[in-house]
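Written out below as structure tokens is the structure these notes cover.
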Amino acid sequence: MEPSDEGSAEHALKAQRRTNLATLRDLGSDPFAQTRYPVDAHASDIATQYASLEPDAETPTAHHALAGRLLALRKQGKKVFFADLWDRSGKLQLYVRADVVGDDAFAQFDQVDLGDIIGASGTIFRTKSGELTLRVNSFAVLSKALVPLPDKHHGLQDVEKRYRQRYVDLIMNEHVRTIFLTRSKIVSEMRRFCDDRGFIECETPTMLHVAGGAAARPFRTHHNALDLNLDLRIATELNLKRLVVGGLERVYEIGRIFRNEGIDTTHNPEFTMLELYAAYWSVDEMMAFNEELYAHLVARVHGTETIAFGDREISFARPFRRVAYFEAMKEWGGLDRATLLDPAGAQRVLRDMGLPPSQTHGQALDKIFERVIEPNLVNPTFVYDYPVLISPLAKRKAGDPDIVDRYELFAANFELSNAFTELNDPDDQRARFEAQMVERKKGDDEVPPPDWDFVTALEYGLPPTAGIGIGVDRLVMLLTNNQSIREVILFPLQRPVAAS
RNA sequence: GCGCCUUUAGCUCAAUCGGUAGAGCAUCGGACUUUUAAUCCGUUGGUUCUGGGUUCGAGUCCCAGAGGGCGCACCA
């Protein structure tokens with residue numbers, strides 16, 4: 001017990017629970033000595049099985065054993081308790097009578113606190129007010145909550161506490177449980193969708209000598225035995241493409257990515273990305289795959305084509321809208337290709353929009369895109385034919401040296417996926433790495449150092465390959481209608497609480 | 001990094017112009033053998049985030065700091 005809270009109200013609440021624990025032990029029942037409980041039903045099964053049971057109906061003879069956490073207790077006189085037992089599937093009411101469980105057991109139940117983990121078995125009936133209820137014949141206290149729970153009606157609202165103590169959030173807030181159940185479903189559906197199409201799930205290292213495949217500052221770590229500095233990966237791209245060189249042809253990884261950058265409502269330092277590569281696919285085939293995947297996920301999660309996100313409605317009806325990068329710039333910004341492809345021209349556009357100049361031509365284009373095009377992309381839209389200067393790993397489009405075979409999918413005004421035909425010419429790749437070295441020397445520490453072994457891999461021959469990256473967290477945000485990435489990450493990074 | 005907002009009982013929230021810090025839930029005691037945000041009666045519970053300052057007097061005003069939220073900047 002922490003001595004620091006002695007005398008506080010919290011201390012008194014904890015002390016009471018300790019007293020109840022001691023009393024339970026005196027009565028011959030030690031919650032923390034339990035090793036198992038023969039659970040044979042869950043609340044939702046009971047609800048389904050007895051859906052047609054009439055109110056005040058005769059008690060069936062079948063016995064059921066459930067276990068879960070008590071989140072409500074209603075004592076009725078000296079000999080009866082009602083309680084709400086929550087398991088992973090939902091809630092079932094318990095009805096505990098002294099004349100059924102016996103006086104000794106009832107005395108034990110009198111020591112039960114809100115939040116305790118209980119196993120209970122008995123028969124099902126429906127009360128006259130219509131609530132499906134377990135008439136408890138026997139029960140066991142399986143674990144004791146030694147700290148008080150938040151308000152049963154308001155739950156836990158304090159955002160900071162919800163993130164720091166997600167377990168309390170999950171106990172108290174059913175909608176939070178639902179978010180993470182949905183997340184799990186989304187990820188498993190993604191995995192199945194890929195598996196069904198012959199893709200092989202791979203696990204590539206998170207600790208790398210060279211963290212490449214994206215532009216971001218990495219986290220640094222150190223291997224003691226080898227006395228070796230390592231970076232955490234900022235993408236899985238380069239290693240997955242090595243696997244395609246190796247002949248695996250269709251590979252994917254749903255992996256944690258680490259980027260040492262700012263934190264906001266759409267960025268967490270570690271996040272989850274699906275990267276997938278298909279040898280011999282064009283970017284158009286990838287677009288079709290992408291469209292089918294998202295339509296599938298929306299259908300499986302929502303059962304409809306249209307979802308609510310904030311105050312907007314987003315329709316995933318196929319086909320998704322398709323618009324070329326420079327057409328979009330023309331349509332929504334009145335900007336023409338020649339101006340944007342000219343470094344001075346792009347900076348001039350920024351200035352006309354009242355924005356400060358960007359460090360590089362590429363950053364200028366991205367800023368213009370963010371202001372001019374993204375606000376228009378509510379329903380899912382493929383933007384394709386990106387300029388090469390913001391696509392260092394993509395292959396040039398045939399017949400147009402300024403454009404690459406690439407698209408990004410947007411919805412709800414943010415990027416959902418990014419796909420392109422992978423650059424497989426080792427000489428071109430080497431030249432782009434060399435160009436990046438120049439940028440890096442100029443002080444842009446988000447440009448990764450070159451990965452020369454990757455060039456070697458390309459020299460062995462990468463087949464024509466299309467690749468895609470999907471931000472899983474943002475997709476979950478979209479499909480669960482959450483505006484903050486922290487709401488879809490179980491344990492978002494928080495500063496430590498100050499040492500007392 | 002900058003700006004705005006925020007931090008009061010275990011939880012959810014009040015507290016008027018700067019004047020004794022309250023309520024509901026939870027706890028504890030009592031009544032109640034089909035309750036369900038149970039109800040009814042009573043009860044306990046406070047470093048008002050931290051440290052300074054102004055003032056006769058600070059939860060409230062000022063300064064500094066910490067945590068959190070949102071926005072901007074950054075971020076293919």
Side-chain angles (χ1 to χ4, degrees), chain A residues 4-5 7-17 19-20 55-56 71-84 91-100 106 113-115 125-133 135 145-164 168 172 213-217 234-235 259-269 271 355-356 358-360 362-367 369-370 386-387 389-394 404 406 408 414-415 418 420 446-447 469 471 483-484 486-487 492 494-500:
Chain A
S4 58
D5 63 0
S8 70
E10 187 177 4
H11 176 78
L13 293 169
K14 288 177 178 173
Q16 182 60 46
R17 284 164 183 264
T19 302
N20 294 347
D56 226 4
L71 290 182
L73 265 174
R74 295 176 289 278
K75 195 173 184 181
Q76 186 80 18
K78 288 198 186 315
K79 301 287 184 184
V80 173
F81 273 105
F82 287 93
D84 293 341
K91 182 188 88 171
L92 183 68
Q93 178 168 260
L94 306 184
Y95 184 50
V96 183
R97 292 178 61 109
D99 58 6
V100 176
F106 194 83
D113 291 305
L114 285 177
F125 73 108
R126 196 181 286 281
T127 65
K128 63 185 179 190
S129 52
E131 181 87 7
L132 213 52
T133 302
R135 187 186 305 275
L146 293 172
V147 292
L149 260 51
D151 183 289
K152 68 185 168 213
H153 186 231
H154 300 95
L156 182 64
Q157 301 296 327
D158 185 282
V159 176
E160 180 178 351
K161 218 162 273 184
R162 288 183 46 233
Y163 295 158
R164 288 190 195 280
V168 182
M172 298 307 300
R217 279 188 291 271
I234 57 173
R259 293 186 182 175
N260 206 338
E261 286 164 355
I263 297 175
D264 62 28
T265 48
T266 53
H267 297 83
N268 194 64
F271 62 101
L355 295 171
S358 294
Q359 281 194 340
T360 67
Q363 284 169 359
L365 285 191
D366 286 331
K367 178 58 68 181
F369 187 92
E370 180 187 307
Y386 271 68
L389 67 110
I390 54 173
S391 313
L393 295 167
V404 290
R406 173 187 176 193
E408 290 199 21
F414 59 78
E415 181 195 333
N418 177 24
F420 45 84
E446 287 188 349
V447 175
Q483 315 292 317
S484 169
R486 291 180 210 99
E487 293 293 340
Q494 301 272 289
R495 283 191 168 90
V497 288
S500 53

Once you apply a heavy-atom cut-off of 4.0 Å, does [X] come out as touching a base, just sugar-phosphate, or nothing?
| X | value |
| --- | --- |
| A:Lys128 | base |
| A:Gln483 | nothing |
| A:Ser484 | sugar-phosphate |
| A:Lys78 | sugar-phosphate |
| A:Tyr386 | nothing |
| A:Glu131 | base |
| A:Asn20 | sugar-phosphate |
| A:Arg135 | base |
| A:Gln76 | base |
| A:Thr265 | sugar-phosphate |
| A:Ala216 | nothing |
| A:Tyr95 | base |
| A:Arg495 | sugar-phosphate |
| A:Gln16 | sugar-phosphate |

Checklist entry - Under the salt bridge (Lys or Arg N to Asp or Glu O under 4.0 Å) test, which residues partner A:Arg406, sequence neighbours left out? => result A:Glu408
Checklist outcome for this item: Sequence neighbours excluded, the answer for salt bridge (Lys or Arg N to Asp or Glu O under 4.0 Å) partners of A:Glu131 is A:Lys91
Of all the choices, [options], which nucleotide is nearest to the side chain of [X] once you look at every atom?
| X | options | answer |
| --- | --- | --- |
| A:Gln93 | B:rU35, B:rU12, B:rA73 | B:rU35 |
| A:Gln363 | B:rC75, B:rU33, B:rU35 | B:rC75 |
| A:Gln157 | B:rU35, B:rC74, B:rU12 | B:rU12 |
| A:Thr127 | B:rC74, B:rU35, B:rG68 | B:rU35 |

Looking only at atom [atom1], what distance separates [N] and [M], rounded to whole Å?
| N | M | atom1 | answer |
| --- | --- | --- | --- |
| B:rC56 | B:rG29 | P | 49 Å |
| B:rU7 | B:rU43 | C1' | 29 Å |
| B:rG24 | B:rA38 | P | 16 Å |

Next on the checklist: Show, in sequence, the C-alpha distance, side-chain angles and deciding distance for A:Glu487 and A:Arg162, and conclude whether the salt bridge (Lys or Arg N to Asp or Glu O under 4.0 Å) test is met.
Outcome noted: CA-CA 10 Å; A:Glu487 293 293 340; A:Arg162 288 183 46 233; 2.7 Å; yes
Next on the checklist: Apply the syn/anti split at 90° from 0 to B:rC63 and say which one it is.
Outcome noted: anti
Checklist entry - A:Ile234 has an atom CD1; how far is it from atom P of B:rA76, in whole Å? => result 10 Å
Checklist outcome for this item: Heavy-atom contacts, protein to nucleotides 3-10 of chain B, under 4.0 Å, summarised as B (base), S (sugar-phosphate only) or - (none) per nt, yield -------B
State which residues pass ring pair (Phe, Tyr, Trp, His ring centres under 6.0 Å) with [X]; sequence neighbours excluded, sorted by chain then number.
| X | answer |
| --- | --- |
| A:Phe369 | A:Tyr325, A:Phe410 |
| A:Tyr95 | A:Phe82, A:Phe125 |
| A:Phe106 | A:Phe81 |

Checklist entry - Donor-acceptor pair, A:Arg217 side chain versus A:Glu261 backbone, under 3.5 Å? => result no
